[in-house]
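Below is one structure; the comments refer to it alone.
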Protein chains: 2
Amino acid sequence: MLSLNASLPMILNRALDGVMPAYRQLFAQYDLTEQQWRILRALWEVEDLRAAELAEQTLLPKPSLVGILDRLEARGLVERRRSNKDRRAVSIASTAKGRTLAKEVLPQAQAIHDFIRAVLPEEDWDALEHALNTLADRMKATTFAEIAAE
Amino acid sequence: MLSLNASLPMILNRALDGVMPAYRQLFAQYDLTEQQWRILRALWEVEDLRAAELAEQTLLPKPSLVGILDRLEARGLVERRRSNKDRRAVSIASTAKGRTLAKEVLPQAQAIHDFIRAVLPEEDWDALEHALNTLADRMKATTFAEIAAE
DNA sequence: TATTAATTATTAATATGTTAATAAAATTGC
DNA sequence: GCAATTTTATTAACATATTAATAATTAATA
């Protein structure tokens, strides 16, 4: 029978547990959480994004986005503007201060990324990326009901 | 330059986002969260585990463990006992009720696992597992300071 | 066009993650 | 054998995740 630590979620979480501390130590130096960084990073070179787009690109749940943006806005790192064409929508943009911060953090995040990439040969990364992406795609189109019905 | 969605954390999180909903739908039918299930699963065929061991096997942070165990204990699914040899330590065991529940959920979790495994060929899984495990191992022995010093 | 349905962001309630601090018990070194 | 250190679990404070519900607005349709 399947053992707990061999399940895919556990394998993925173990990998994240291995990798994230390095990033967190970097972000902590700038009083940023991982999620806050994702948002700054996503707004790095785009004019602005609507909340739904931002949630999708950062993989952050929309309800979480609200509080995270509140805190970033309070620090003057991002700006929320009500859209005029669709007054339900909110567009989020980085401030100059936010871009300055991103500019400082980016190369260090890149350094961590490069370090990680060097741990495995290129072809391993290609295989891993391909496997995980196709997996995510297939699963997105699948529900538990379909699995149970097999 | 590195794009946000190509970073390893994002790739891993996307994969998790693809896979977890299927599991969550199953667990929700039994009023269990993912983390609560991990604990029941870990105690499925062991007599008991100390809190530190349980945290390690489930990948749950020790502070989170406290509340999760509180709720499981309140439902009569697990039991906390103070160790006599070391009165600091607490040993956690599944109750009969907990094992009955695990017995019912396990085959369905296994079905999801099997479904996922079928999405990719065996050799892809071997490669993926190998890559992620060695990566986690290497990173566990690495700190941000060492990376930044390069 | 008035009504209904769908969409967008938000709020609410509860559970968990992250980091630092603490209390109690056990170990260690002197 | 005692003071200092270490270990084990827990608490505290804050940030985020998950799911369901809601308010405001827009789109659809009869």
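Below, read A as the first sequence line, B as the second, and so on, with proteins coming before strands; counting in each chain starts at 1.
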Original post:
Taking the nucleotide of DNA chain D with the closest heavy atom to each, which residue, A:N84 or A:Q36, is nearer the 5' end?
Top reply: A:Q36

**OP:** Using whole Å, report how far CG of A:D70 lies from P of D:dA15.
**Re:** 11 Å

**OP:** Pick base, sugar-phosphate or nothing for A:S64, based on heavy-atom distances below 4.0 Å to the nucleic acid.
**Re:** base

**OP:** Answer yes or no: side-chain N or O of A:R88 and base N or O of D:dT25 forming a donor-acceptor pair under 3.5 Å.
**Re:** yes

Subject >> For B:A42 against B:T58, the heavy-atom pair lying closest together >> reply: CB-CG2, 4.0 Å

Original post:
Just wondering, more than 12 heavy atoms not from A:E56 lying within 6.0 Å of its CD?
Top reply: no

**OP:** Taking the side chain as every heavy atom from C-beta outward, state whether B:E34 and A:N13 have any atom pair closer than 4.5 Å.
**Re:** yes

Original post:
Is it the case that more than 12 heavy atoms not belonging to B:R87 sit under 6.0 Å from its CZ atom?
Top reply: no

Original post:
Reckon A:V66 touches a base, only the sugar-phosphate, or nothing at all at heavy-atom distances under 4.0 Å?
Top reply: base

**OP:** Using a 4.0 Å heavy-atom cut-off across all strands, classify B:R38 as base, sugar-phosphate, or nothing.
**Re:** nothing

Original post:
Does a nitrogen or oxygen in the side chain of B:R71 sit under 4.0 Å from OP1 or OP2 of C:dT14?
Top reply: no

Original post:
Taking atom types as they are modelled, is there a donor-acceptor pair under 3.5 Å from the base of D:dT25 to the side chain of A:R87?
Top reply: no

Original post:
Partner of D:dG1 by Watson-Crick or G-U wobble geometry, both contacts under 3.5 Å, or none?
Top reply: C:dC30

Subject >> B:R99 vs B:T95 side-chain heavy atoms within contact, under 4.5 Å >> reply: no

Original post:
Does A:R80 place a side-chain N or O at less than 4.0 Å from the phosphate oxygens OP1/OP2 of C:dT10?
Top reply: yes

Subject >> Closest listed nucleotide, where the reference is the side chain of B:D86 and the choices are C:dA26, D:dT19, D:dT10 >> reply: C:dA26

**OP:** With heavy atoms under 4.0 Å as the rule, sort A:L65 into base, sugar-phosphate or nothing.
**Re:** nothing

Subject >> Spacing between B:K62 atom NZ and D:dT7 atom C1', to the nearest angstrom >> reply: 8 Å

Subject >> Presence of A:T33 side-chain N/O under 4.0 Å of C:dT18 phosphate oxygens OP1/OP2 >> reply: no

**OP:** In whole angstrom, give the distance that lies between atom CG of A:L32 and atom P of D:dC14.
**Re:** 18 Å

**OP:** Identify which nucleotide among C:dA9, C:dT19, D:dA17 has an atom closest to any side-chain atom of A:Q35, counting heavy atoms from C-beta outward.
**Re:** D:dA17

